[in-house]
Amino acid sequence: MLISASLFLLCLSILLTFWQPRGLTSAVVTCLSGGLLILLASFSHHAAWQWVAHIGWVLIGVVAFSGLALLLLILLAPQKVLRKRERLTPILLGGIWLWLLLDLGWIIALLRESNFADSFWPWLSFIPIFSIYLGILFGASIIGYLRANVWRARRADTIVILGAGLRHGSQIGRTLANRLDAALKLAHRQSTPTTLIVTGGQGPDEHLTEAEAMTTYLVNHGWPQERIIQESRATSTLTNLLYSQRLWSQLPHQGGRVVIVTNNYHLFRAEHLASQLGLRLGGYPAPTRWGYLPAAWAREFLAIIMLHPRLHRGILVGLITANILWYLL
């Protein structure tokens, strides 16, 4: 029974990985399959399955600790996570802290109170359940990150380099430089002429568009200017893709094999958005320095959550309703 169930879950995960490698849904299903596999292994008395269970619970613990650490980073140092014009309102911050305290209170009550079912805590069971839901999304985003970085493109006719904010209004920062260097590395590997599309508009505190600054960087590093196309209106990952698609569709063979280049932590969301837009693109990750990765990943997970805000609100309302009805009926 255990072997059959495990084979089914493994086959399901492999099938979804190849069928929808850039999808958030397939990453969620893979995450759930892994969790069920660990749970099934925990009930086995066979030594090999016990090892699988131990390793699995350690991984779950690492993911949970990482998620909590990133949440605390967002709460305690939001200036390191959010962009210049982004803010967390006091009401939102207070709500997140209250949620964490109620989560902790529910867990302590479950472990310590013998009359837990008769206390008021069961009325708040939707809080830890929704937290588990967010944890599954966090685990799925890690799976998506790994997929995007493992299944990287090798061949390209058109390379789209996604912009990032300029330092001091006009300078290429390390994050954006890594993207440009990775694109040049990929382009130099090609046996046929490659077109580079640089995409990024001008922020209110920037003296020129990101596309202009990126073009100057590429030319200074030896890339021919006539093989660079600028897209200077985009202000988000979504518009980067939309506006760039209009440019590469005008190239011979509609751009051929189109590959997007961005930082490794950002690649999964960029590919997911492209998939939602019906664009079949490859992806190539640029490295990110380890010291910057926690803050970048925290902001990226917030952006992944905001891809489907209505879905998350609907699930939360559904959990609250089911919680109330369960104890009323």
Side-chain angles (χ1 to χ4, degrees), residues 22 145 148-203 206-234 236-237 239-241 243-271 273-274 279-293 296 300:
R22 298 170 180 84
Y145 164 85
N149 283 268
V150 170
W151 278 282
R152 61 180 66 188
R154 296 290 188 271
R155 302 177 65 187
D157 300 305
T158 303
I159 298 175
V160 180
I161 311 166
L162 305 188
L166 302 177
R167 295 181 59 216
H168 309 300
S170 60
Q171 298 176 13
I172 297 288
R174 187 179 300 182
T175 298
L176 185 51
N178 286 343
R179 298 183 186 185
L180 294 164
D181 291 340
L184 287 171
K185 181 180 178 181
L186 178 62
H188 285 307
R189 288 178 178 173
Q190 307 308 308
S191 58
T192 57
T194 306
T195 300
L196 303 186
I197 297 178
V198 290
T199 169
Q202 182 175 350
E206 294 175 341
H207 309 316
L208 71 166
T209 66
E210 293 168 11
E212 290 178 279
M214 293 161 74
T215 298
T216 301
Y217 183 95
L218 291 171
V219 171
N220 289 341
H221 284 73
W223 192 259
Q225 186 160 2
E226 62 272 15
R227 281 161 54 192
I228 301 175
I229 300 176
Q230 293 187 32
E231 186 291 301
S232 304
R233 293 189 299 150
S236 66
T237 303
T239 51
N240 281 145
L241 297 169
Y243 298 156
S244 296
Q245 192 271 338
R246 297 173 186 173
L247 296 176
W248 79 62
S249 62
Q250 300 174 15
L251 296 173
H253 310 291
Q254 295 190 328
R257 290 180 294 266
V258 181
V259 174
I260 52 176
V261 174
T262 186
N263 290 88
N264 46 19
Y265 65 84
H266 181 230
L267 185 58
F268 169 62
R269 181 165 64 92
E271 290 186 337
L273 285 171
L279 304 175
R280 296 180 62 86
L281 307 176
Y284 191 83
T288 305
R289 60 186 175 91
W290 286 101
Y292 179 67
L293 197 56
E300 192 63 20

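FYI, side chains are in, hydrogens and waters are out, and symmetry mates aren't considered; it's all heavy atoms of this structure.
A donor-acceptor pair is defined here as one N or O able to donate and one able to accept, closer than 3.5 Å; such a pair exists between the side chain of Arg154 and the backbone of Arg152. Glu231 places a side-chain N or O within 3.5 Å of a backbone atom of Arg233 that can act as its donor or acceptor partner. Judged purely by atom type and a 3.5 angstrom limit, Gln245 has no side-chain atom pairing as donor or acceptor with the backbone of Leu279. A donor-acceptor contact shorter than 3.5 Å links the side chain of Arg179 to the backbone of Leu162. Between the side chain of Arg246 and the backbone N or O of Tyr243 there is no donor-acceptor pair closer than 3.5 Å. The backbone N or O of Thr194 sits nowhere less than 3.5 Å from a side-chain atom of Asp157 that would complete a donor-acceptor pair.
For NE2 of His253, the number of neighbouring non-hydrogen atoms (other residues, nucleotides, ligands) closer than 6.0 Å is 12 at most. The number of heavy-atom neighbours closer than 6.0 Å to CZ of Arg227, taken from other residues, nucleotides and ligands shown, is above 12. Atom CD of Gln225 has 12 or fewer heavy atoms from other residues, nucleotides or ligands within 6.0 Å. For CZ of Arg280, the number of neighbouring non-hydrogen atoms (other residues, nucleotides, ligands) closer than 6.0 Å is 12 at most. More than 12 heavy atoms of other residues, nucleotides or ligands shown are found within 6.0 angstrom of CD on Gln190.
Separating the NE2 atom in His207 from the CD atom in Gln202 is a distance of 9.0 Å, to the nearest 0.5 Å. Distance check, rounded to the nearest 0.5 Å: CG of Leu267 to CD1 of Ile260 gives 5.5 Å. Distance check, rounded to the nearest 0.5 Å: CD of Glu271 to NE2 of His266 gives 10.5 Å. Between atom OG1 of residue Thr288 and atom CG of residue Leu293 there is a gap of 6.0 Å, rounded to the nearest 0.5 Å. Distance OG1/Thr216 to CG/Leu180: 10.5 Å, rounded to 0.5 Å.
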Show the numbers, then the answer: is there a side-chain contact (heavy atoms from CB on, under 4.5 Å) between Tyr217 and Asp181? CA-CA 9 Å; Tyr217 183 95; Asp181 291 340; 2.7 Å; yes
List the steps, then state whether side-chain contact (heavy atoms from CB on, under 4.5 Å) holds for Ile161 with Leu218. CA-CA 11 Å; Ile161 311 166; Leu218 291 171; 4.1 Å; yes
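Heavy-atom minimum distance, Pro285 versus Asn149: CB-OD1, 3.2 Å. Summarising the geometry of Pro287 relative to Asn264, their closest heavy-atom pair is CA-ND2, 3.9 Å, with the distance given to 0.1 Å. Taking every heavy atom of both residues into account, Gly169 and Leu208 meet most closely at O-CD2, 3.6 Å. Closest heavy-atom contact between Thr199 and Glu210: O-OE1, 4.5 Å. The shortest non-hydrogen separation linking Glu300 to Tyr265 is CG-O, 3.2 Å. For the residue pair Leu166 and Ala213, the shortest heavy atom distance occurs at CD2-CB, 3.8 Å.
With respect to Trp248, the side-chain contact (heavy atoms from CB on, under 4.5 Å) criterion is satisfied by exactly one of Ile229, Ile159, Thr195, Val160: Val160.
By the 4.5 Å heavy-atom criterion applied to side chains, Ile197 and Val258 are not counted as neighbours.
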